[in-house]
There are 2 protein chains.
Amino acid sequence: MSELDRVKERFILHWGEMGSLWGINRTMAQIHALLYISPRPLSANDLMEELQISRGNVSMALRELIAWGIVSRVHIKGERKEFYTTEKDVWKMFRIIARERKRREVDPTIEILRQSMVDLNNLPDNEGQYERERIEQLLNFFETGIKIYESLDEKTPDSVLKLLGKLLQVKGLGG
Amino acid sequence: MSELDRVKERFILHWGEMGSLWGINRTMAQIHALLYISPRPLSANDLMEELQISRGNVSMALRELIAWGIVSRVHIKGERKEFYTTEKDVWKMFRIIARERKRREVDPTIEILRQSMVDLNNLPDNEGQYERERIEQLLNFFETGIKIYESLDEKTPDSVLKLLGKLLQVKGLGG
DNA sequence: TCAAAGATTCAGAAATTACTGAAATAATTG
DNA sequence: CAATTATTTCAGTAATTTCTGAATCTTTGA
């Protein structure tokens with residue numbers, strides 16, 4: 001095993017551990033790391049061998065990654081099997097993950113908070129005053145977050161960086 | 001059980017499920033939710049009863065939440081037992097969580113990426129060109145993220161909102 | 001200084017999540 | 001259209017995470 005392989009392996013293992021940061025499991029994160037660091041698409045067999053995991057596991061993890069939208073199938077002409085590759089632009093990758101996590105986690109939370117507000121407002125007398133205040137604050141926070149997310153999502157990473165750079169007086173952020 | 005209690009319960013259960021969003025487990029998230037929605041501090045016994053969980057579980061979850069910095073012990077005079085409460089300011093809460101996750105997840109990742117760059121640069125000849133590019137992009141992304149985080153962290157939530165509101169032309173963001 | 005109340009710890013149990021591998025299914029080709 | 005190769009599925013198992021509850025430790029106040 002070459003030194004280069006060792007560096008790659010270290011990266012892949014660590015990325016796997018940090019999968020929780022992205023809300024995905026270890027295998028998914030490792031596959032993602034391996035595809036990300038590979039100059040060309042890899043087959044399911046390649047992934048099995050490199051990561052020492054079962055065929056089934058590879059198949060399931062790929063399905064999930066494709067559902068997230070950060071891995072895609074590639075047909076290579078002359079080849080019978082499928083190959084897989086991943087988004088190499090980190091900003092695009094980040095945007096995809098942000099969008100998915102919003103959809104899966106933030107949106108349902110906001111839904112519950114809104115419903116709670118409705119329910120609290122239907123209580124008789126002045127019941128639930130304190131609770132209403134608390135939920136409202138949370139809801140406000142999340143809704144503001146979504147507004148910021150949506151505005152940022154319309155812009156290109158470059159323009160966002162430029163603006164932030166000026167705004168925060170941080171050198172090297174762009175602009 | 002009153003309607004108010006039902007609303008509270010729904011909120012607590014959902015918050016528990018979404019714990020992953022914050023990187024904490026279900027019990028921790030439920031305890032946090034219960035303390036957040038309670039007008040006054042609660043004892044370990046209160047938590048056990050309300051959430052139907054064991055004494056040990058409460059104790060461990062509280063220890064973690066206190067380590068995170070989002071729950072604190074409260075001494076109530078005349079009372080022998082300890083009471084617990086949580087930060088009620090959502091923005092402060094969010095900042096605490098962001099700081100902790102950065103420390104636990106982002107910082108170690110950056111460390112690995114930096115080390116990988118060093119290792120790659122020590123390779124003989126032109127080995128690892130492609131890998132270097134990939135790792136560099138990731139590192140860049142994370143370092144930019146940290147810069148943004150640090151600049152935002154110096155400011156008050158209000159001023160951040162004001163500035164973002166102007167920049168993004170979003171109404172109702174502040175300013 | 002000791003009994004009572006409260007809090008913590010942690011070994012084992014329960015619950016959840018992830019993984020394997022073989023069988024089923026699908027796709028490709030001569 | 002069979003034979004071959006590739007992929008998916010999923011029941012069973014393994015690994016990991018979370019939780020319980022009894023034992024232990026700590027604090028209080030009489």
Side-chain angles (χ1 to χ4, degrees), chain A residues 12-35 41-68 71-85 101 104-105, chain B residues 12-35 41-68 71-85 101 104-105:
Chain A
I12 289 165
L13 291 181
H14 182 77
W15 205 248
E17 297 309 317
M18 286 299 119
S20 64
L21 184 61
W22 312 95
I24 66 184
N25 73 32
R26 200 174 64 243
T27 298
M28 283 172 69
Q30 285 184 359
I31 288 180
H32 174 255
L34 179 48
L35 292 177
L42 300 179
S43 70
N45 267 338
D46 297 336
L47 295 171
M48 279 176 68
E49 282 169 24
E50 289 271 354
L51 303 176
Q52 295 291 325
I53 56 180
S54 73
R55 189 169 292 287
N57 197 8
V58 168
S59 177
M60 289 185 300
L62 282 173
R63 170 154 39 105
E64 276 279 294
L65 285 165
I66 290 169
W68 272 81
V71 164
S72 46
R73 256 181 252 278
V74 180
H75 293 280
I76 293 185
K77 64 179 172 184
E79 282 283 2
R80 192 154 165 180
K81 47 177 172 270
E82 301 270 14
F83 286 76
Y84 301 89
T85 191
R101 298 203 69 175
R104 295 167 191 225
E105 294 165 1
Chain B
I12 289 166
L13 290 181
H14 182 78
W15 204 248
E17 297 310 316
M18 286 300 117
S20 65
L21 184 60
W22 312 96
I24 65 183
N25 72 32
R26 199 172 67 244
T27 298
M28 282 172 70
Q30 285 183 359
I31 288 180
H32 174 255
L34 179 49
L35 292 176
L42 300 178
S43 69
N45 267 337
D46 296 336
L47 296 170
M48 280 176 66
E49 282 170 23
E50 290 272 355
L51 303 176
Q52 294 293 325
I53 55 179
S54 74
R55 188 170 292 287
N57 198 6
V58 168
S59 178
M60 289 184 300
L62 283 172
R63 170 154 40 105
E64 276 279 293
L65 285 166
I66 290 170
W68 272 80
V71 163
S72 46
R73 259 181 249 277
V74 181
H75 294 279
I76 294 184
K77 65 178 172 184
E79 283 283 3
R80 191 153 164 183
K81 51 176 169 272
E82 301 271 14
F83 286 75
Y84 301 89
T85 191
R101 296 203 70 176
R104 295 168 192 225
E105 294 166 1

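Everything quoted here is computed from the prediction, not taken from an experiment. Atoms considered below: every heavy atom in the structure, side chains included; atoms not considered: hydrogens, waters and symmetry mates. In what follows, chains are A, B, ... by sequence order, proteins preceding strands, each numbered from 1.
The distance from atom CZ of B:Arg63 to atom P of C:dT8 is 8 Å, rounded to the nearest whole Å. The CG-C1' distance, from B:Leu62 to C:dT9, rounds to 14 Å in whole Å.
To the nearest 0.5 angstrom, A:Asn45 atom CG is 4.5 Å from A:Arg55 atom CZ. One finds the CD1 atom of B:Ile12 at 4.5 Å from the CG atom of B:Leu34 (value rounded to the nearest 0.5 Å). Separating the CD atom in A:Glu82 from the OG atom in A:Ser72 is a distance of 11.0 Å, to the nearest 0.5 Å.
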Practice task
Classify every nucleotide of nucleotides 13-26 of chain C by which part a protein heavy atom approaches to under 4.0 Å, writing B for the base, S for the sugar-phosphate alone and - for neither, in 5'-to-3' order.
Solution key: -----SSBB-----
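B:Ile53 is listed as a side-chain neighbour of B:Val58, based on a closest heavy-atom distance under 4.5 Å.
Every residue was checked against the side-chain contact (heavy atoms from CB on, under 4.5 Å) condition with B:Arg80, not counting sequence neighbours, and none meets it. For the salt bridge (Lys or Arg N to Asp or Glu O under 4.0 Å) test, residues two or more places apart in sequence or in another chain that qualify with B:Glu105 are B:Arg101.
Near DNA chain D, meaning a heavy atom under 4.0 Å from it, residues 72-80 of chain A has A:Arg73, A:Arg80 in order of number.
For B:Glu50, the CD atom sits in a loose shell: 12 or fewer heavy atoms of surrounding residues, nucleotides or ligands are nearer than 6.0 Å.
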Distance-only criterion, 3.5 Å: show the donor-acceptor pairs between side-chain atoms of residues 20-33 of chain A and protein atoms not counting sequence neighbours.
| unit_1 | atom_1 | unit_2 | atom_2 | d |
| --- | --- | --- | --- | --- |
| A:Asn25 | OD1 | A:Thr27 | N | 3.1 |
| A:Asn25 | OD1 | A:Met28 | N | 2.9 |
| A:Thr27 | OG1 | A:Asn57 | ND2 | 3.4 |
| A:His32 | ND1 | A:Trp15 | NE1 | 3.1 |

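When every heavy atom of B:Val71 is checked against every heavy atom of B:Leu62, the shortest pair comes out as CG1-CD2, 4.2 Å. Nearest heavy-atom pair across B:Leu35 and B:Tyr84 is CD2-O, 3.3 Å.
First and last contacts of DNA chain D with chain A, using any nucleotide atom under 4.0 Å from a protein heavy atom and ordered 5' to 3', fall at D:dT4 to D:dC10.
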